[in-house]
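These figures come from a predicted structure and were not determined experimentally.
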Amino acid sequence: MSTDPALDHRAFLASLPPEDRARFTARSDRAGLLHLAGHVGLIAACASYVAWGGPLWWLVLLPLGITLTFLFTLQHECTHRTPFASPWLNDAVGHLCGIVLVQPFLWFRAFHMAHHKHTNDPELDPELSDGKPETLQALLWHLSTIGYWRAKLSVLLGNASGPSPAPFIADRQRGPIRVEARVYLAIYAAAFLAMVSVAPILFWIWLLPLILGFPVLRLYLLAEHDRCPQVANMFANSRTTTTTRIVNFLAWNMPYHAEHHAWPMVPFHALPGLHELAEPHLHTKTDGYARFARDTFESRAAGR
């Protein structure tokens, strides 16, 4: 394989020998289930402590919210059917994450596939349809998640009555997406009734932690493409962020985001190995999320 740092993602992939291509794309139910058990274990531990009402239990609400909201990265991977070898397991876990996060899985899969097809294209990437926060005021609004929750509710209700003619939703997907939204709404209606009657604990271990955790997820997600070049090269239009083991664990190795966009069929557990080969070719890298956050706030405050 060439080590020329000028290689774009297509040339890099073309340079990989067949044995590497097979190794990096091998999927595993075992690896996915072990990682899932660890992630769910963290959620269960935090939720149990809050439910028990241990000393300073309210301080655990934010860690619980973060572990819950980072199920987004697992759902994201399930749209590619890469966390597990079994297709049904990817779909089942994707839907379970979607119910927790109020993000219908089939709709999100269509949305996300369009994002991969048109990454950072201001005309076609649906992630850019509402624009990115370019001022400090817009950034604070973005992180408040007020508009986010309003948009999610609008999508769910709209899908239940019939998906809007969004360019990323094919005609054959409209029926399943409609059924999906109606099932989700039924589940939320039942959860709400339980919350106000027999199970108020759902507010403390699910709804409130989600509200607290989503600003953290939103800042994390902003790092993936914020102010990256609007070019076709995935090693430039997507950012890889070096970070700690716990962040990589909670995010299912998605901080290796340029590598993921360059080769979406690589499962989460193979991304660190792919990163070792791809790192010399990456154009957009940041050393840590604290640095990204600092640079992001400073640039917006300075009007850059």
Side-chain angles (χ1 to χ4, degrees), residues 58-59 61-73 75-76 97-98 100-104 107-108 110-112 114-116 118-159 163-164 166-168 181 184 188 203-204 206-230 237-239 241 243 247 250-251 254-255 257 261 284 286 288-304:
W58 47 274
L59 290 177
L61 288 171
L62 180 57
L64 174 57
I66 292 172
T67 56
L68 280 171
T69 55
F70 270 77
L71 287 173
F72 172 91
T73 55
Q75 187 192 41
H76 155 267
C97 292
V100 171
L101 299 170
V102 196
Q103 178 153 269
W107 173 86
F108 179 61
F111 176 95
H112 189 65
H115 163 63
H116 267 267
H118 306 292
T119 304
N120 245 15
D121 184 328
E123 301 297 326
L124 297 173
D125 187 344
E127 281 199 3
L128 301 179
S129 60
D130 294 328
K132 293 291 185 181
E134 296 297 337
T135 65
L136 182 59
Q137 182 180 7
L139 177 62
L140 293 174
W141 172 257
H142 179 82
L143 297 179
S144 76
T145 73
I146 295 172
Y148 172 85
W149 286 112
R150 185 171 60 194
K152 286 300 177 188
L153 183 59
S154 177
V155 165
L156 193 58
L157 293 174
N159 286 352
S164 62
F168 57 83
Y184 277 40
Y188 296 140
F203 173 79
W204 297 102
W206 176 43
L207 190 58
L208 181 58
L210 274 188
I211 294 171
L212 296 175
F214 255 100
V216 178
L217 178 68
R218 294 276 275 175
L219 183 59
Y220 159 84
L221 291 175
L222 197 60
E224 293 179 345
H225 303 284
D226 184 58
R227 296 190 170 181
C228 293
Q230 294 176 339
N237 66 24
S238 305
R239 175 182 285 102
T241 305
T243 187
V247 174
L250 283 175
M254 282 303 104
H257 209 64
H261 267 264
T284 311
T286 297
Y289 286 97
R291 178 174 179 178
F292 171 79
R294 183 176 65 250
D295 291 347
T296 298
F297 276 95
E298 288 178 354
S299 65
R300 266 64 172 191
R304 299 195 302 270

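- The minimum heavy-atom distance linking Asn159 with Pro104 is given by the pair ND2-CG, 4.2 Å.
- Nearest heavy-atom pair across Tyr220 and Ala251 is OH-CB, 3.5 Å.
- Results of the side-chain contact (heavy atoms from CB on, under 4.5 Å) test with Phe214 over Leu101, Val102, Leu221 single out Leu101 as the only residue that passes.
- Atom CG of Asp226 sits about 9.0 Å away from atom CG of Asn120, to the nearest 0.5 Å.
- Side-chain atoms of Ser154 do not come within 3.5 Å of backbone N or O of Arg150 as any donor-acceptor pair.
- When atom types are taken as modelled, the side chain of Gln75 and the backbone of Gln103 share a donor-acceptor pair closer than 3.5 angstrom.
- The backbone N or O of Tyr148 lies less than 3.5 Å from no partner atom in the side chain of Thr145, so there is not a single donor-acceptor pair.
- Of the inter-residue distances, the one linking Leu139 atom CG with Arg218 atom CZ reads 10.5 Å to the nearest 0.5 angstrom.
- Residue Leu212 comes nearest to Leu62 through the heavy atom pair O-CD1, 3.5 Å, listed as atom of the first residue, atom of the second, then distance.
- Of all the heavy atoms in Cys228 and Thr284, the pair that sits closest is SG-CG2, 3.6 Å.
- Annotation: the span from Arg300 atom CZ to Gln137 atom CD amounts to 13.5 Å, rounded to 0.5 Å.
- Relative orientation of the Trp206 and Tyr188 rings is parallel, given thresholds of 30° and 60° on the angle between their planes.
- With 3.5 Å as the limit, one finds no donor-acceptor pair spanning the side chains of His115 and His76.
- The shortest distance between side-chain heavy atoms of His257 and His225 falls below 4.5 Å.
- Contact check for Thr241 versus Val247: no side-chain heavy atoms found under the 4.5 Å cut-off.
- Separating the OG1 atom in Thr286 from the CZ atom in Arg239 is a distance of 4.0 Å, to the nearest 0.5 Å.
- The side-chain heavy atoms of Trp149 and Leu210, taken from C-beta on, include a pair separated by under 4.5 Å.
- Between atom CD of residue Gln230 and atom NE2 of residue His118 there is a gap of 14.0 Å, rounded to the nearest 0.5 Å.
- Atom CG of Leu68 and atom CD1 of Ile211 lie 12.0 Å apart (nearest 0.5 Å).
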Return all side-chain donor-acceptor pairs below 3.5 angstrom for residues 289-297, not counting sequence neighbours, or 'none' if the list is empty.
residue: Thr296; atom: OG1; partner: Phe292; partner atom: O; Å: 2.7

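- In this structure, Phe70 and Thr73 approach most closely via the heavy-atom pair O-OG1, 2.6 Å.
- Within the 4.5 Å cutoff, the side chain of Leu222 has heavy atoms near those of the Pro133 side chain.
- Taking Phe111 as the reference, Trp107, Phe168 meet the ring-ring contact (aromatic ring centres under 6.0 Å, His included) condition, with sequence neighbours excluded.
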